[in-house]
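Remember, it's a predicted structure, so these values are computed and weren't measured experimentally. Below, read A as the first sequence line, B as the second, and so on, with proteins coming before strands; counting in each chain starts at 1.
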There are 2 protein chains.
Amino acid sequence: MRVTIKDVSRASGVSIKTVSRVLNKERYVGTETRARVEAAVAALNFRPSMAARSLAGKRSFQIALICDNPSPYYVYEMQSGIRDRCALDGVRMIAQPYDRNSPTLLDDIENLVEATHVDGLILTPPVSDYPAVLDLLAKRGVRFVRVSPGSAAELAPSTFIDNEAAAAAMTAHLLGLGHRRIGFIAGHPSYATSGQRMQGYAKALGKAGIPLDPVLVREGSYDFASGAAAAEDLLALDPPPTAIFASSDDMAAGALTVAHRRGLSVPGQLSVAGFDDTALAGFVWPPLTTIRQPTRVMAYQAADLLLGPADAPVERREVAFELVVRESTGRV
Amino acid sequence: MRVTIKDVSRASGVSIKTVSRVLNKERYVGTETRARVEAAVAALNFRPSMAARSLAGKRSFQIALICDNPSPYYVYEMQSGIRDRCALDGVRMIAQPYDRNSPTLLDDIENLVEATHVDGLILTPPVSDYPAVLDLLAKRGVRFVRVSPGSAAELAPSTFIDNEAAAAAMTAHLLGLGHRRIGFIAGHPSYATSGQRMQGYAKALGKAGIPLDPVLVREGSYDFASGAAAAEDLLALDPPPTAIFASSDDMAAGALTVAHRRGLSVPGQLSVAGFDDTALAGFVWPPLTTIRQPTRVMAYQAADLLLGPADAPVERREVAFELVVRESTGRV
DNA sequence: TTGTACGCGTTATCAA
DNA sequence: TTGATAACGCGTACAA
């Protein structure tokens, strides 16, 4: 029925162990022997059983993505980036949508690690900053990489963008357009990046000699509805801000919708800008000026760190962000 | 190090096999024995190794989602629905983003089946209609469920909505608003649903005694850009249509963007409507009138079919669609 | 450079 | 209702 190593060994006339050596690209295999084995593998269309490999060996050729981000685009990009990197090494990715508020999250993760023997995990915010999860993995000696961690960066390898510099760049851009009252919609405080982005906004204002007016700052929760609500609040001010900078694209889209509704979505009126973790900015009109966070690249690099040598020093790999200027940001 | 069945058997004073029986909820286990074993399992925090289970047994407690849909929302909803159903049975989902144009798709799927010992697969369009894939799975005797299959429905269990009736309902709705020239943006022909939706549009027009004007029909490819391009074409007609009905929400969003750009996104002007496979309709302004396809429900039901008894007759499970009327569809 | 013997943790078979 | 023992397919350790 199933084609096994045994079949390959018979077909090529070498021992099971030698076939295993070829499969795992070990050294000390004769060139001719290797060729014969590879031919037999191809002829029989042999595919090693991951179950048997993980049971017998130290590796399982599987890694897991712990991702409970509410944005489908973010999840999709993360999975795609990781998949791309894993494909290079013949490693499989286990990706389950998780619920970050689930009381069994910790248990689920422990279960996953035990049951699947994964070689490592990739953690995204906000789980990448959950002390309980970090402790658990460290205690079990499981490798993991964190995406956009907020603290304790020395704990494990990680990938990130400079959120503070990014927010400062966008704020400076808006200031350069002549805006003096810039509304800011912050992200949910459970995400470390929220604070970093807020910092960048504040610093850029300070640098320009403009006092931070607390009334111009609202807290959202990274979704469309909270962005719309925050924008309504901000535009009800007297005088209203001439620009709104949202900490995520979903919130920026919400703000833009409010602008549409109020007839402000035309050049010379309200400027709306945002972070663009995903791709939503392409679906709204007029297109948003955004800080593009290369989620897919961060994912790829995270997988790269995870699949790299186990004894490598803890590396923090920075990925460049991009300020994408589009027409929605008109001059005041 | 790792807690095994052996440890549980020692702790509870029964044989390994009996522990296994309890874990698999087999019959013929004494009530008291079962209780003791369960207590030991909980006390030791025992988690069975999936690798060992799939190696020794006939089941692997894993299913795979073959989903190469380009829409992140669709993928997310599919994964979430399947995850929800799988969680009930302690089954894990393997979800890899695939590339439907990959020349190695068939090989990748075969590899997945062989390597992971999955108990079954869930196929989404357009792969759910690829004869080569269907053949392969049938030949190997692997269970699978198809989502929205276009033909050969008797081949395997499937979930679907009545696309023709849905398109007809939307067309009738637009006719009821007074529209007589309704542009239609069709989906890519590689998706069976594209033809079904087109049929519904044509039939509803016929029923109203309105001849189908071929110039009002354009072919898109389910994405934002093709929807925008098709809308540009349609609005360049003389006279232009007073309504546009797109076969997907991404294309509808593209059409709406064109309407914005031309100043037509106000009541009394162009009506834009679309299918809503995902959730995008909530992110545009004004909100689109849509046929809501409950992707998550279809996914849940697909997993339900897959995890059900293996000897069940081939079932076609229909899921209800919903016509969601929102403000973008104004009277002519 | 290659081969032998054993074990990984669980389920299947068959006997008790 | 329970238990002993042989698989499952592969990697590891060690020997040749």
Side-chain angles (χ1 to χ4, degrees), chain A residues 1-38 40-41 44-62 90-92 111 113-119, chain B residues 1-38 40-41 44-62 90-92 111 113-119:
Chain A
M1 199 60 201
R2 162 182 278 279
V3 179
T4 73
I5 274 204
K6 213 171 189 174
D7 301 316
V8 178
S9 96
R10 261 199 293 265
S12 53
V14 299
S15 76
I16 289 183
K17 175 59 208 177
T18 300
V19 176
S20 173
R21 283 196 180 91
V22 173
L23 293 176
N24 293 304
K25 304 190 198 304
E26 289 177 28
R27 288 172 310 180
Y28 306 130
V29 180
T31 321
E32 193 212 342
T33 312
R34 164 161 283 135
R36 252 192 318 166
V37 171
E38 279 167 349
V41 165
L44 296 173
N45 203 13
F46 167 71
R47 332 269 191 162
S49 153
M50 300 191 58
R53 298 184 96 172
S54 30
L55 195 54
K58 294 183 169 61
R59 304 182 53 190
S60 72
F61 301 89
Q62 294 185 126
V91 168
R92 216 167 280 280
N111 200 350
V113 170
E114 272 298 290
T116 64
H117 308 229
V118 283
D119 297 330
Chain B
M1 196 62 199
R2 160 184 280 279
V3 180
T4 73
I5 275 203
K6 212 171 191 172
D7 300 316
V8 177
S9 96
R10 260 199 295 266
S12 53
V14 299
S15 77
I16 290 182
K17 176 60 203 175
T18 299
V19 175
S20 174
R21 283 196 180 89
V22 173
L23 294 175
N24 293 300
K25 304 189 196 309
E26 290 175 28
R27 289 172 308 179
Y28 307 128
V29 180
T31 320
E32 193 211 341
T33 313
R34 162 161 284 134
R36 251 190 319 162
V37 171
E38 279 167 349
V41 165
L44 296 173
N45 203 14
F46 166 73
R47 331 268 190 164
S49 154
M50 299 192 59
R53 298 185 96 171
S54 29
L55 194 56
K58 292 183 171 59
R59 303 183 53 190
S60 71
F61 300 89
Q62 295 185 123
V91 168
R92 215 167 282 281
N111 199 352
V113 169
E114 272 298 290
T116 63
H117 307 227
V118 283
D119 297 330

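Atom CE of M50(B) is separated from atom C1' of dG9(C) by 13 Å (rounded to the nearest Å). With rounding to whole Å, R36(B) atom CZ is found 15 Å from dT1(D) atom P. When the P atom of dG3(D) is taken as reference, atom CZ of R10(B) falls 15 Å away, rounded to whole Å. The CD-P distance, from E32(A) to dT1(C), rounds to 13 Å in whole Å.
Within the 4.0 angstrom heavy-atom criterion, no nucleotide atom of any strand lies near S54(A).
Residues satisfying the side-chain contact (heavy atoms from CB on, under 4.5 Å) criterion with R2(A), sequence neighbours excluded, are T4(A), S49(A), E114(B), H117(B). Evaluation of the side-chain contact (heavy atoms from CB on, under 4.5 Å) rule for A115(A) yields N111(A), M50(B), R92(B) as partners, not counting sequence neighbours. Residues forming a salt bridge (Lys or Arg N to Asp or Glu O under 4.0 Å) with K6(A) (at least two apart in sequence, or on another chain): none. For S12(A), the side-chain contact (heavy atoms from CB on, under 4.5 Å) partners two or more places apart in sequence, or in a different chain, are V8(A), V14(A), V19(A), V37(A), A40(A). Annotation: salt bridge (Lys or Arg N to Asp or Glu O under 4.0 Å) contacts of R10(A) (sequence neighbours excluded): D7(A). The side-chain contact (heavy atoms from CB on, under 4.5 Å) search around N24(B) returns S20(B), E26(B), R53(B), F61(B), not counting sequence neighbours. Qualifying salt bridge (Lys or Arg N to Asp or Glu O under 4.0 Å) partners for R34(A), counting only residues two or more places apart in sequence or in other chains: none.
Between T33(B) and dT1(D) there is no side-chain N or O to OP1 or OP2 distance below 4.0 Å. Dashed line: the shortest gap from a side-chain N or O of T18(B) to OP1 or OP2 of dG3(D) is under 4.0 Å.
Relative to the axis of its first five pairs, the axis of the last five pairs of the helix from dT1(C)-dA16(D) to dA16(C)-dT1(D) sits at 30°, rounded to 10 degrees.
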Kindly give the atom pairs (protein nitrogen or oxygen, nucleotide nitrogen or oxygen) under 3.5 Å for nucleotides 10-14 of chain C.
unit_1  : atom_1 : unit_2 : atom_2 : d
dT10(C) : OP1    : S49(B) : N      : 3.2
dT10(C) : OP2    : I5(B)  : N      : 2.6
dT11(C) : OP1    : N24(B) : OD1    : 3.4
dT11(C) : OP1    : N24(B) : ND2    : 3.0
dT11(C) : OP1    : R53(B) : NE     : 3.1
dT11(C) : OP1    : R53(B) : NH2    : 3.3
dT11(C) : OP2    : S20(B) : OG     : 2.5
dA12(C) : N7     : K17(B) : NZ     : 3.4

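Put simply, the side chain of R36(B) does not reach to within 4.5 Å of the side chain of T18(B), judged on heavy atoms.
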